[in-house]
Amino acid sequence: MVSPIYSLNPWIIAVILNTVLLTIAWISPKKLLTNAGLFHGWILGVLIWGSLGWQGYIVVLFYFLVGSGVTRIGLAQKEAEGIAEKRSGARGPENVWGSALTAAICAVGVAVGIKAIAPLLLLGYVASFSTKLSDTCASEVGKAYGKRTYLITTLQAVPRGTEGAVSLEGTLAGIVGSIAIAFIGWGVGLIDVSGLVFCVVAAFIATNIESVIGATLQAKVDWLTNEVVNIFNTLIGAIAAVLLALVWQWLQ
């Protein structure tokens, strides 16, 4: 006999679940999202569960929890140095969509029935979050613990927190972050083992391209905010993973 909950429309489950979580987050004294961020997070959560079910939801939830935790590493020190995320890391709408717009597009693409490319969209979905968590881990760990930071374009030593700066500590943390979320995507069945590898490689490529953008263009282009760069970053990660998968299929 099928449990009644599994017979419900996934969109109904999505609305109920995310409303409950929004309510808990709203009354919680520890704010991971601003009030506006909570509303936009609700929209994102509904889209993801409704499109991909609990499997897709686990991935975005893992990203949010780990990413929020990493942002608070060495927070007092980063705030003292003026290189911490604004609002002590509490996410607003711009952060929600900067991190997850690419993933949301991939998820909706699966939901509307583009079956021929559904596996590639699922790969793009996981790769976008793998890329974003890699970027978050690299940036936050690098700002907190980076002993030597270098501008990626010139390898000139620069202060921690400089746009486009990289460090060994941050780079390793970014790789670990991308592997962790790729394993989650593989564990829930969204991607296979080869997809896991593609996600990690794509995240490394995209995160370094994002650093190049930060070092060369971000200070010169007014509209190129951190959130816009994040959209480009996750989009590059998703596209890179899909291209790697297509090349791998062609070589078989």
Side-chain angles (χ1 to χ4, degrees), residues 1-28 30-68 90-133 180-193 195-196 198-199 227 230-231 234-235 237-239 241-242 245:
M1 182 177 179
V2 178
S3 172
I5 191 170
Y6 291 114
S7 64
L8 287 176
N9 185 295
W11 294 97
I12 295 176
I13 298 175
V15 169
I16 294 172
L17 172 66
N18 283 280
T19 300
V20 171
L21 292 178
L22 181 146
T23 302
I24 294 172
W26 188 281
I27 63 177
S28 172
K30 190 73 170 180
K31 300 296 183 183
L32 299 181
L33 291 162
T34 65
N35 290 339
L38 285 171
F39 175 70
H40 285 260
W42 181 90
I43 295 174
L44 174 65
V46 169
L47 280 176
I48 298 303
W49 186 291
S51 299
L52 301 180
W54 67 267
Q55 296 93 332
Y57 200 81
I58 287 292
V59 172
V60 67
L61 188 62
F62 181 85
Y63 162 73
F64 173 67
L65 293 176
V66 175
S68 296
R91 263 66 169 176
E94 72 281 8
N95 304 112
V96 171
W97 297 112
S99 300
L101 180 60
T102 298
I105 292 172
C106 291
V108 171
V110 174
V112 298
I114 310 178
K115 294 182 179 179
I117 60 171
L120 293 177
L121 289 173
L122 290 174
L123 175 63
Y125 174 82
V126 178
S128 70
F129 280 123
S130 187
T131 298
K132 189 64 193 77
L133 188 59
I181 206 162
F183 261 108
I184 295 295
W186 169 75
V188 298
L190 295 181
I191 57 175
D192 58 17
V193 174
L196 189 158
F198 299 148
C199 285
E227 292 72 37
N230 284 338
I231 292 174
T234 56
L235 182 61
I239 291 173
V242 169

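From a predicted model like this one, the values you see are computed outputs, not experimental measurements.
- For the atom pair OH (Y125) and CD1 (I191), the distance works out to 11.5 Å, reported to the nearest 0.5 Å.
- By the 4.5 Å heavy-atom criterion applied to side chains, W49 and V15 are not counted as neighbours.
- Between A245 and L123, the shortest heavy-atom distance links the atoms CB-CD2, 3.5 Å.
- Between atom CD1 of residue I181 and atom OG1 of residue T131 there is a gap of 9.5 Å, rounded to the nearest 0.5 Å.
- Contact annotation: the side chain of P93 approaches that of T34 to within less than 4.5 Å [non-hydrogen atoms, C-beta and beyond].
- Residue W97 places its CH2 atom among more than 12 non-hydrogen atoms of other residues, nucleotides or ligands, all under 6.0 Å distant.
- From F62, atom CZ reaches atom CG of L133 across 6.5 Å, with rounding to the nearest 0.5 Å.
- The CD1 atom of I27 lies 7.5 Å from the OG1 atom of T23; values are rounded to the nearest 0.5 Å.
- Looking at I105 and L235, their side chains never come closer than 4.5 Å, going by heavy atoms from C-beta outward.
- Using a 4.5 Å heavy-atom cutoff, the side chains of V126 and F198 are not in contact.
- Note on ring orientation: taking the six-membered ring where Trp is involved, the planes of F39 and W42 are parallel (angle under 30°, cut-offs 30° and 60°).
- S51 approaches A111 most closely through the heavy-atom pair OG-CB, 3.5 Å.
- To the nearest 0.5 Å, atom CH2 of residue W54 and atom CD1 of residue I13 are 13.0 Å apart.
- At a threshold of 4.5 Å between non-hydrogen side-chain atoms, the residues L122 and L52 count as touching.
- Across S128 and T234, no two heavy atoms sit closer than the pair O-CG2, 3.5 Å.
- Interatomic distance, L61 CG to L21 CG, rounded to the nearest 0.5 Å: 7.5 Å.
- Put simply, the side chain of F64 reaches to within 4.5 Å of the side chain of L33, judged on heavy atoms.
- When all heavy atoms of V110 and A118 are compared, the closest pair comes out as CG2-O, 4.1 Å.
- Between A103 and F129, the shortest heavy-atom contact is CB-CE1, 3.3 Å.
- Considering every non-hydrogen atom in both A127 and A238, the closest pair reads CB-CA, 4.1 Å.
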